[in-house]
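Residue numbers begin at 1 in each chain, while the letters A, B, ... track the order of the sequences.
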There are 2 protein chains.
Amino acid sequence: MNITIYDVAREAGVSMATVSRVVNGNPNVKPTTRKRVHEAIERLGYRPNAVARGLASKRTTTVGVIIPDISSIFFSELARGIEDIATMYKYNIILCNSDQNKEKEIHLINTLLEKQVDGIVFMGGEITKEHEETFKSSPVPIVLSATIDANKEFPSVNIDYEQASYDAVTAMINAGHEKIAMLSGTLADPINGYQKFAGYKRALLDAGKEVNDDYVTLGDYTHDAGVNAMKELIALEDRPTAVFASTDEMALGLIHGAQDAGYRVPEDFDIIGFDNTRLATMVRPTLTSVVQPMYDIGAVSMRLLTKFMDNETVDEQVVLLPHRVEYRQSTSFQGE
Amino acid sequence: MNITIYDVAREAGVSMATVSRVVNGNPNVKPTTRKRVHEAIERLGYRPNAVARGLASKRTTTVGVIIPDISSIFFSELARGIEDIATMYKYNIILCNSDQNKEKEIHLINTLLEKQVDGIVFMGGEITKEHEETFKSSPVPIVLSATIDANKEFPSVNIDYEQASYDAVTAMINAGHEKIAMLSGTLADPINGYQKFAGYKRALLDAGKEVNDDYVTLGDYTHDAGVNAMKELIALEDRPTAVFASTDEMALGLIHGAQDAGYRVPEDFDIIGFDNTRLATMVRPTLTSVVQPMYDIGAVSMRLLTKFMDNETVDEQVVLLPHRVEYRQSTSFQGE
DNA sequence: GTGAAAGCGCTAACAG
DNA sequence: CTGTTAGCGCTTTCAC
């Protein structure tokens, strides 16, 4: 049997209410009794039971985090941002991998709700109608992180992916490139596919160019996908001179695919990646990349969630963080 | 107010005990009543409260995971292994970053214990006396993952780091290298420092060579540490011809440091890394690395923990998983 | 096969 | 400033 608040009360010669007050830092306790209670706690080695507390207070100081894959270099950085801010606000995190599987995602939300989390940070891919219904039926706040629903009904934290892609591709155009390819994720992915591709397209159209289907390849975000995409691009009679990838890992693949075939970056191909993960400086040539502040997105998401949980007023629940292009050696040009 | 088990009982015309039995899959319920209860649950949209359940049953089906840094490519892979097996056994995970800070680690264990986790997976660096005391005072089982205490008193899952280093360095020796350097973590780190260095040393001594202090450099596991270490090594009058790094990221740094100075790998330097993270194939030349099955270490750790939590008998509580060297392009030799 | 009732350990009014 | 008293929602004997 464990030591309970009742044991401490008896040991200190006070009521359990007083012990509870002391433990919770309630100021309405005479310093002498506070001291007596603290001593009793010390003597008995009392450790408050958070589960009982959660049941009585209806707050668990625990939040749920649904993440596609914690082993991804991208998401793990986000998770770190979330966790740091959670710790700062005294919350713990229940972490769940979803593999972006819809059924799993919805199931996980329900599990987290059963565990009475005080809020949820959701990272995922496509937000379907079913997701939206689940979100709406949640008794606790949910914040989307590096994820956004089509109608922007739910709180979310992102950068403007479309604009960021537009900026990167426009920089390529300004540097004189006529034949710009893109290695994108599937268009069903609202961010890494749809939005980033949309920015690529708009940049080309704004510059009076048209989208050449041969120059648009799809990948699954792995290094190998980049290597293979570059092979295909090189095989084209009319090769592109610049390639924009929707993730850094694929961009590294592009660089290595080019090098493996005897080409050089940036002399033969200018390459720009996306996310500015730590990988960008761990390759030669170092990778020019669109900076997405992953840690910050996680941190801001969590901060936003705390506001909802504490019923603070939030002025803007759809937040867009700034982005920019970090120029390194994989592009022969270094700015607009 | 939420729907409780009591509401369901009333709706179904049974007692709460019966509802509880149905929810928990207890077979002692007549199929017809079971059906009636299920319908009531459906109709009311009842969602069991895991906190109340935890308080009453003294099991939370939640385990704590203490990890140095979830954004590390190495630990995030481990975490994924842990989470997958946890999910398989219906546990959820509370994830906490410790930054390998002793006070934080001990504080986190206590927090997790307050939250009444059913067990803990601990990843960290040095296991001090204070750690050991905390572990011993825990009412729930604790498994060390990719971490080990000096006396092997506690359950743990690892590979034999010393032997693995020995194997890698011996392969270099067998390939004819006379001057082999090592980029190690601080020796206070029992694994990435102490054990790996010990293997390096033993390999040299066994081959009748002595350890040249100039050839032993320390790094903080970052890519930059590798780049800098290589600079120093190159500056030596009597340059080494092979370098063994205790982590892949540092090994990439070594490669790039050499390339940045106009040298070539493996022509000028044979390089071997450690961990065989995904980075190993994301560099040119691709990196020869000691394979440490990170995902498996996580998975096995969690599986071991479930055994303790379920009071299964475990035959060997200090498990060592197999290791090997994966040869790639950063070494001019391809095996023993 | 089912129900009644006693907690699990704590918080939160409400008194005083 | 401190104590009393209900619960929080569920599991778990123990009867029947």
Touch class at under 4.0 angstrom, heavy-atom based, for A/Asn49 against every strand present: sugar-phosphate
Criterion side-chain contact (heavy atoms from CB on, under 4.5 Å) on A/Thr62 and A/Lys115, from CA distance to verdict: CA-CA 9 Å; A/Thr62 302; A/Lys115 296 232 168 171; over 6 Å; no
B/Tyr46 vs D/dC10: side-chain N/O to OP1/OP2 distance below 4.0 Å: yes
Heavy atoms of other groups near B/Glu312 CD, more than 12 under 6.0 Å: yes
B/Lys58 vs D/dT12: side-chain N/O to OP1/OP2 distance below 4.0 Å: no
Nucleotide of D/dC8, C/dT2, D/dT11 approaching B/Ser57 most closely (side-chain heavy atoms): D/dT11
Minimum-distance nucleotide to A/Lys30 side chain [options: D/dT11, C/dA12, D/dC1]: D/dC1
Closest nucleotide among C/dC10, D/dC10, C/dT2 to the B/Ile5 side chain: D/dC10
Short side-chain N/O contact to D/dT2 OP1/OP2 from A/Thr33, under 4.0 Å: yes
Ion pair check, B/Glu132 and B/Lys129, cut-off under 4.0 Å: yes
Donor-acceptor contact present, side-chain B/Asn26 to main-chain B/Asn28, <3.5 Å: yes
Nearest-Å distance for atom pair CZ/P, residues A/Arg53 and D/dG9: 18 Å
DNA chain D-proximal residues of residues 14-26 of chain A, any heavy atom under 4.0 Å: A/Val14, A/Ser15, A/Ala17, A/Thr18, A/Arg21
Residue of the set A/Ile82, A/Asp84, A/Leu78 for which side-chain contact (heavy atoms from CB on, under 4.5 Å) holds with A/Arg80: A/Asp84
B/Phe122 to B/His131 - nearest heavy-atom pair and separation: CZ-CD2, 3.9 Å
